[in-house]
Amino acid sequence: MGAKAPRWLPLGAAAIGGALVGALGMNWWNRGEPTSASPSSYSWAGPATGATEAAARELEMRRLLREELSRHAAAPPAAQEKESPPPPDDAPAASTLPPETVVHVERAQAVLDAAIARLSWTREDASSFGDAMASVPPAVRLELLRKFAAAVNERGMRLETGSPPL
Amino acid sequence: MSARAITVAMALCFSVTALAGFREVNRTVVVNQTQRYASGHLAGARASTDATQHIACVATIENASTGDANSPASISQWGYCFAATATNSSAFCFSANPEMVGAMRNLQGDSLLEFRWNLNGQCTMVQLKQASGLEPKR
């Protein structure tokens, strides 16, 4: 009465069953192993250490300083050159970041590094740092502020100026 | 003292309380480095009994041009807020965003200041509150 089952049916069923068993087995085998999407992988990556962060920021500071130096040393853009008259023969060469500005940047960094080392920000630090900050390009100033913020917020540097710290 | 006198005295007390209005008496500067949040009332911090509580913002606007008539004005502005608690736990954020710096500039002696910052130390929120319940700086 019923239709005769094709001869390949048992083989197909066996193949599908085998695939399912294999998949379940692989799933069990991989259980507990972190993947990139699982929260447990966060602990594998681990937070950057303080030393690593400090080194990265130092590199970032140097990169910013290099950029500022090159920007100041670079010739004006071509569009501006067309509009502006050519400089007279006795005009000074392309402006560069004055050496005293570099000195200010280095002084500010030195003051900040010393304060971070002792985790204390004093009036003297604020005075020296403030003087230096007033003479650096805005991009470098922001980088110094970022470093200062990290010292206060992440490393617990105490503000002992009794007045605004900068 | 007669019962009548006591009644009058009590009535006076209640009437004075009613006329005073709500007054904020919280004088504690709060710093939460986990939430990257700080708050405090300027006058309250000043009036606190310890010598370390402190909260403020400083805004700076400057013209960095050389002053040469041919050089364009180069206005830059930046500002920062900071807070220190009674236990000298400190917080600091900065910004060069003109609107954020503008908010810092509006700080008053009787303001309640709240600020937040991101992982780079940049201010992400500066909130100033002026309210009748906040005491003026003395």
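None of the values given here were measured: they were computed from a predicted structure. Throughout, protein chains are lettered first and strands after them, A, B, ... in sequence-line order, and every chain is numbered starting at 1.
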For this session: Between chain A and each of B:V58, B:V31, B:N88, count heavy-atom pairs under 4.5 Å; write down the option with the most.
Result: B:N88
Problem set entry | Close side-chain approach of B:D110 to B:E135, heavy-atom, < 4.5 Å | no
For this session: Salt-bridge test for A:R107 and A:D131: reply yes if a basic N is under 4.0 Å from a carboxylate O, no otherwise.
Result: no
Problem set entry | Region of B:A84 in contact with chain A, defined by heavy-atom distances below 4.5 Å | neither
Exercise. How long is the gap from CD on B:E114 to NE2 on B:H41, to the nearest 0.5 Å?
Worked result: 12.0 Å
Exercise. Which residue out of A:E160, A:M157, A:R158 racks up the most heavy-atom pairs below 4.5 Å with chain B?
Worked result: A:R158
Exercise. Looking at side-chain heavy atoms only, is the closest gap between B:F92 and B:W117 below 4.5 Å?
Worked result: no
Problem set entry | Residue among A:G156, A:G162, A:S163 with most heavy-atom pairs under 4.5 Å to chain B | A:S163
Exercise. What part of B:S76 lies closer than 4.5 angstrom to a heavy atom of chain A: side chain, backbone, both or neither?
Worked result: side chain
For this session: Below 4.5 Å from any heavy atom of chain A, which atoms of B:E62 appear? Answer side chain, backbone, both or neither.
Result: side chain
Problem set entry | B:C81/B:C123 sulfur atoms closer than 2.5 Å | no
